[in-house]
Amino acid sequence: MEPDCETSMLEIVDLLHAYVWSFDTNNIERLKGLFSVDAVAKERVHDSERSIGPWHGRESIGDALAEVRAANPHWRSHQCTTPVITTLTANSASVKTYLSLYSCEKGKTPELVVTGEYQAKVSKLSGSWKFDALDLTLDSAI
Amino acid sequence: MTNTFAVTGKAQAVLNVIHHYVWKLDANEMDGLASLLCEDAATRGVSRRTDVSWGEWRGREEIARQLRQIRGAQTGRRRHQLTTPVFFDLSESNAVVQVYLSILSTLPGKKPELVTTGQYRFSLRRSPEEWQIAAIEAEFDGKVA
């Protein structure tokens with residue numbers, strides 16, 4: 001991989017991190033801005049037919065995720081680790097990352113809610129990377 | 001220790017390879033895992049404060065064979081999550097990086113469980129085309145079932 005591509009790798013990982021931070025802090029406007037206008041997002045559970053979405057378009061994605069956030073006030077952090085960029089060109093990439101979702105009720109010890117993985121297709125538009133597709137697969141139902 | 005802030009871009013490429021390695025391990029895709037190793041790669045490991053150890057296994061085919069056998073005997077969806085990398089060497093042709101490890105496992109219908117924590121120390125060499133893993137030293141904090 002050429003050095004100029006490596007800067008892109010950092011930017012793409014930063015996009016993933018910005019997404020989960022935006023969700024966890026309920027900054028939905030910031031979250032919407034991380035998606036391309038026609039992006040698609042969905043969630044499913046491994047070895048199960050349970051799924052939500054797909055949501056089409058950044059506005060629908062943001063509105064749907066705002067509802068998910070509001071319904072789960074004890075969720076504290078979507079911690080992303082171990083990112084792998086599987087394809088990379090100057091203006092497009094595929095990336096995946098592991099997820100550990102933690103929750104914490106007031107006065108309680110934090111709990112690991114679920115693990116899973118994000119798979120994303122991203123592209124560079126007007127100098128910044130955006131999600132074109134974002135799929136979350138959970139290892140168990142929540 | 002190398003100043004990682006000055007060489008961050010190269011560091012990211014190295015991390016991409018070691019992250020790819022654990023994804024292949026979790027998915028039991030050992031042919032893909034082997035392709036990330038140098039032909040003469042070596043690995044060994046130990047569980048701290050126990051008499052459990054493994055290796056040293058030498059050669060990419062032998063490493064893949066041993067890991068296939070281990071992974072095939074395990075149940076649950078495994079996630080080797082790597083965090084907190086520190087580089088001890090990072091040049092045009094060599095890299096040494098140490099990371100923390102959390103192995104999480106989810107059985108069907110169950111909540112995820114922490115199997116163990118630990119650390120890996122990876123040594124990599126860069127061929128003209130790509131970074132490959134030359135050595136892996138694993139140290140787990142507990143026994144791994």
Side-chain angles (χ1 to χ4, degrees), chain A residues 1-17 20 44-50 74-75 77-88 93-103 109-120 129 136-142, chain B residues 4-27 29 32-33 36 75-85 90 92 95 99-115 117 120 122 124 126-132:
Chain A
M1 198 167 289
E2 296 304 313
D4 60 338
C5 292
E6 297 187 13
T7 299
S8 294
M9 295 168 74
L10 274 175
E11 293 171 347
I12 292 163
V13 171
D14 191 63
L15 176 70
L16 279 163
H17 292 178
V20 292
R44 58 179 285 267
V45 178
H46 259 302
D47 301 327
S48 161
E49 295 189 356
R50 292 190 191 194
H74 302 309
W75 288 359
S77 57
H78 286 68
Q79 298 194 12
C80 290
T81 72
T82 330
V84 176
I85 292 166
T86 51
T87 65
L88 179 61
S94 300
V95 58
K96 58 186 181 180
T97 183
Y98 283 154
L99 165 71
S100 293
L101 169 58
Y102 291 91
S103 70
T109 302
E111 285 189 359
L112 175 60
V113 177
V114 72
T115 56
E117 65 186 62
Y118 286 108
Q119 302 249 5
W129 292 93
L136 169 60
T137 304
L138 300 173
D139 292 333
S140 55
I142 298 174
Chain B
T4 54
F5 292 104
V7 290
T8 315
K10 195 186 298 173
Q12 196 64 35
V14 169
L15 293 175
N16 208 56
V17 173
I18 67 171
H19 291 175
H20 212 166
Y21 170 85
V22 292
W23 276 79
K24 292 294 183 188
L25 177 59
D26 289 335
E29 293 173 1
L33 180 146
L36 300 169
T75 56
R77 189 171 297 283
R78 296 243 161 169
R79 305 287 189 183
H80 284 66
Q81 297 203 10
L82 306 185
T83 67
T84 327
L90 187 53
E92 287 300 317
V99 293
Y100 281 147
L101 162 72
S102 298
I103 304 178
L104 296 150
S105 178
T106 304
L107 291 166
K110 304 281 188 179
K111 294 189 79 169
E113 289 192 350
L114 179 63
V115 176
T117 53
Y120 280 125
F122 289 91
L124 295 94
R126 185 170 182 162
S127 70
E129 298 82 26
E130 60 189 350
W131 286 98
Q132 285 187 310

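Letters go in sequence order (proteins before strands), and every chain restarts at 1. Side-chain atoms are counted along with the backbone in the values below, which use heavy atoms only and exclude waters and symmetry mates.
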From [atom1] ([X]) to [atom2] ([Y]), nearest 0.5 Å:
X     : Y     : atom1 : atom2 : result
A:S8  : B:Q12 : OG    : CD    : 11.0 Å
B:K10 : A:M9  : NZ    : CE    : 13.5 Å
A:Y98 : B:D26 : OH    : CG    : 3.5 Å

Quick one: does B:H19's side chain have a donor or acceptor within less than 3.5 Å of a partner on A:V84's backbone?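 Absent.
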
Quick one: does any side-chain atom of A:S140 pair with a main-chain N or O of B:K111 as donor and acceptor, under 3.5 Å?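 No, A:S140 side chain to B:K111 backbone: no donor-acceptor pair under 3.5 Å.
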
Go through the atoms of [X] and report whether side chain, backbone, both or neither lie under 4.5 Å from a heavy atom of chain B.
X      : value
A:S48  : neither
A:E111 : side chain
A:D47  : side chain
A:V13  : side chain
A:L99  : backbone

Measure B:L104 against the heavy atoms of chain A and call it side chain, backbone, both or neither at under 4.5 Å.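 Just the side chain, heavy atoms under 4.5 Å.
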
Checking side-chain hydrogen bond (donor to acceptor under 3.5 Å, both in side chains) against B:R79, which of A:T115, A:T81, A:D139 comes through?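 Among the candidates, only A:D139 passes.
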
Would the number of heavy atoms belonging to other residues, nucleotides or ligands and lying under 6.0 Å from CD of B:E113 be above 12?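 Atom CD in B:E113 is not crowded, with 12 or fewer foreign heavy atoms closer than 6.0 Å.
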
Shortest non-hydrogen contact between A:P83 and B:N16, atoms and distance: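 Distance-wise, the nearest heavy atoms are O-OD1, 3.8 Å.
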
So, do B:V22 and A:T82 sit near enough that their side-chain heavy atoms are less than 4.5 Å apart?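 In contact.
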
